[in-house]
Amino acid sequence: MIQITLKDGNRIQVESGKTILDIARGISEGLARVAVAGEVNGVVKDLFTPVTEDCNLNILTFDSEGGRHTYWHTASHIMAQAVKRLYPGVKLAIGPAIDSGFYYDFDSEKPFTPEDMQAIEEEMRRIIKEDLGVERFTLPRDEALELVKDEPYKVELINELPEDSEISFYKQGEFTDLCAGPHLPSTGKVKAFKLMQLAGAYWRGSEKNKMLQRIYGTAFPKKSHLDEYLHRLEEAKKRDHRKLGRELDLYDIYEEGPGFPFFLPKGMVLRNFLEDYWRREHEKRGYQEIKTPIMLTKELWYRSGHWDNYKDNMYSVEIDDAEFAVKPMNCPGGILVFKRKLHSYRDLPQRMGELGLVHRHELSGALHGLMRVRCFTQDDAHIFMTPDQIKDEVIGVIKLIDEFYKTFGFKHHVELSTRPEKSIGSDELWEKSTTALSEALQDQGIEYKLNEGDGAFYGPKIDFHLEDSIGRTWQCGTIQLDMNMPERFDLNYIGPDGEKHRPVMIHRVVFGSIERFIAILTEHFAGAFPVWLSPVQAKILTIVEKHIPYAEEVKRRLEEKGIRVELDGRNEKIGFKIREAQLEKVPYMLVLGDKEAEAGHVAVRSRKEGDMGSMPLDEFIEKILSEINSKAL
RNA sequence: GCCACCAUGGCUCAGCUGGUAGAGCAGCGCAUUCGUAAUGCGCGGGUCAAGGGUUCGAGUCCCUUUGGUGGCUCCA
């Protein structure tokens, strides 16, 4: 007998050699039915794994991440099996579970068509119906290689496994795949699934390799869960900033400027208030503001290292006989400003902000609404400082970013990126900079993900990622520590010893790109922005024409207080005007008729809560102003 | 840039196996003066993304280009 400690701390005795599924059944039939995998001492295992020694055991269902991944992984194998049955010549690459389902990469002579997808789905249904048992086995390397000799990608994978690693396979019916597992005990366990999309993907994610065909899918234990998931995706699409931006007349992108967005009057209101907020908050924190040119000579970009490391993304032009490049970053301009004068250590840190418009030639396939564009405004700042000021300055920026995101109610996650292949500077400087950043993060008790080799070419960085409506994350804020540019541009300051010293610089953005931030903002609020940012904060709706004079009076009173207000005095029914204002997502509608005109009242309707009844105009003004001033969400 | 898919009036979309463009919303006009999510009637609007080809005939088939969508790569 062995002793099993369950998740709730209970201990049970079972016969050695019982499988996880057996143990689950011993606990309850219901649990056994929904069990998809087991976590033994923290490692996710197949349900059919025999347990032979004392351990902690957690029975996983689809509701846990480990359970879901097991479920999806098996779904992915079922898909691969279906593809193999229908197209025996297709070679298999890899097929993991991901956050929202699974995919499998195939190397196929002929690209898959939507009709093929249907055929694959049908075959998958058949495999599920066959309810094939899944078995796991391991092989020594030479036998493993022999088994997969017709699958070149699998051969490559096996050859790259470390010497001592166990090479495991999973077999269901006639289909066997190299796989670490775990898996469901049989194909019949997969209930509702759907193949979602077809995409190209490079083998091992490198554009130097062959492009494979990737099929994405998802699966759920119940049809209703799948339907719910698909419904959620539909709902999320309604919040797409590209759709809302056009509908609400905020911004748009035309064919005439791929990747170059236009901001419309209402979008500009939003944008200007964001920038005002930004300026005020930066001023409070000792930042100065500058504006540097969009184009500078190529010489400068050679010196900064941008030309060598970033030229694929840069636009350049010839003016007279000189060559210029359009700035893809603001730093060289900022550096020239710093260099204008000799600096004392007493003047440091120097924090210099710039809302700088940069242009980057992004690959056409990468463009995505306002999220990924070819020109955008960075809410940039460069901080020049002494080495012993690094930590405080980095922490200051972390706090600033945190406060900004809180203002909008955004949740975010943090990543630390280290030295990339293409980069400048010595290992020592990189080491020092990277350590400084991770220390600042630890000091603030911030959890972060390490992103090896993903830093800027001049230094490591801390990135802040925000989510869009369908859960994709986008980098917004970033803090980059740079000891290289000061070297290249021979920046210096005079220390207390009267000697020249090399300053360190931080490149940082809070919004990241104003455009991208506005896109996230649009999706986050589904276009219903907080009052302080709403392009129109209140809309006055008259019942009939004779109320227009009072309406104009109300409008003037609101405008005097700086409230952005519109008047709808059209000869339309009130229901119609309300409907329009609601669709425009105006926070407050003021309905004005006889009663209001006589009493000097306004009948307030909020887009969130509906009819709020009549109140004196002054009371409404007070209410909306307090919401605006507190930046209420 | 690569892979797949898509492109019809301002917007959302019909248009079967090729036979000379259709709806709703929006817009405009007229009537209606009406209290919390669509008043009625009428009118105008499309070289079917662009270019080329097949055909007696192409929105529908083929090729090229442009733009978009979802991925891959890359990135704020």
Side-chain angles (χ1 to χ4, degrees), chain A residues 103 105 108 111-114 116-117 196-216 237 240 242-243 246-247 252-259 310 312-313 328-329 356 358 360-380 417 420 454 456 461 463-466 470 472 474-478 480 507 509-517 519-520 541-547 570-583 589-596 603-607 610-614:
Chain A
Y103 68 79
D105 285 346
S108 166
F112 294 123
T113 63
D116 293 331
M117 299 265 280
M196 302 297 290
Q197 52 201 348
L198 205 50
Y202 300 108
W203 168 237
R204 317 212 108 180
S206 167
E207 60 200 320
K208 295 185 190 90
N209 292 335
K210 183 165 183 183
M211 180 157 281
L212 308 172
Q213 310 250 348
R214 174 172 296 178
I215 302 177
Y216 284 91
K237 272 190 203 152
D240 191 308
R242 293 166 296 194
K243 183 177 155 63
R246 203 172 305 122
E247 281 174 4
D252 206 352
I253 299 182
Y254 306 122
E255 205 170 308
E256 286 82 351
Y310 210 74
D312 292 346
N313 287 294
M329 299 188 194
V358 298
R360 299 182 182 177
H361 179 87
E362 298 293 344
L363 295 177
S364 59
L367 302 179
H368 180 91
L370 290 194
M371 300 274 196
R372 192 73 187 277
V373 288
R374 283 180 170 155
C375 76
F376 56 98
T377 306
Q378 289 185 306
D379 63 314
D380 218 340
S417 300
D454 221 24
K461 57 178 186 168
D463 292 329
F464 296 75
H465 295 251
L466 295 173
I470 59 172
R472 286 176 296 209
W474 298 85
Q475 186 188 316
C476 290
T478 173
Q480 316 182 339
H507 311 237
V509 289
V510 180
F511 292 137
S513 124
I514 308 266
E515 290 75 2
R516 178 178 286 182
F517 197 83
I520 302 254
L541 313 176
T542 51
I543 301 284
V544 294
E545 255 169 78
K546 68 176 176 191
H547 303 121
R570 289 175 304 168
N571 176 18
E572 292 289 350
K573 291 174 107 167
I574 195 67
F576 179 83
K577 296 190 194 180
I578 287 173
R579 179 183 158 78
E580 274 198 358
Q582 187 76 35
L583 293 175
M589 292 156 248
L590 303 178
V591 178
L592 304 187
D594 287 339
K595 283 179 276 178
E596 289 73 24
V604 181
R605 185 189 168 92
S606 122
R607 72 181 164 201
D611 194 350
M612 297 175 75
S614 181

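The chains referred to below are lettered A, B, ... by the order of the sequence lines, with proteins before strands, and numbering in each begins at 1. Hydrogens, waters and symmetry mates are skipped; everything else that's a heavy atom, side chains included, is used.
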Self-check item: Pairwise 5' ranking along RNA chain B for E545(A) and D454(A), keeping only the more 5' one
Solution: E545(A)
Quiz item: Does the side chain of T478(A) get closer than 4.0 angstrom to OP1 or OP2 of A76(B) through an N or O atom?
Solution: no
Exercise. Round to the nearest Å and state the distance from M196(A) atom CE to G70(B) atom P.
Key: 13 Å
Exercise. Would you mind reading off the distance between Y216(A) atom OH and C5(B) atom P, rounded to a whole angstrom?
Key: 17 Å
Self-check item: base_contact_polar (G1(B) base, Y202(A) side chain, donor-acceptor, <3.5 Å)
Solution: yes
Quiz item: Do E362(A) side-chain and G1(B) base share a donor-acceptor contact under 3.5 Å?
Solution: no
Self-check item: Minimum-distance nucleotide (side-chain atoms of P258(A) versus G35(B), G71(B), G67(B))
Solution: G67(B)
Self-check item: K461(A) bridged to D454(A) by N-O distance under 4.0 Å
Solution: no
Practice problem: Figure out the CD1/C1' separation between I574(A) and U33(B), and round it to whole Å. | Solution: 12 Å
Exercise. Starting from C1' on A7(B), measure out to CD on E255(A) and report it in whole angstrom.
Key: 9 Å
Quiz item: What's the closest nucleotide to the K595(A) side chain, out of A76(B), G35(B), U39(B)?
Solution: G35(B)
Quiz item: Expressed in angstrom and rounded to an integer, what is the separation of F112(A) atom CZ from C5(B) atom C1'?
Solution: 16 Å
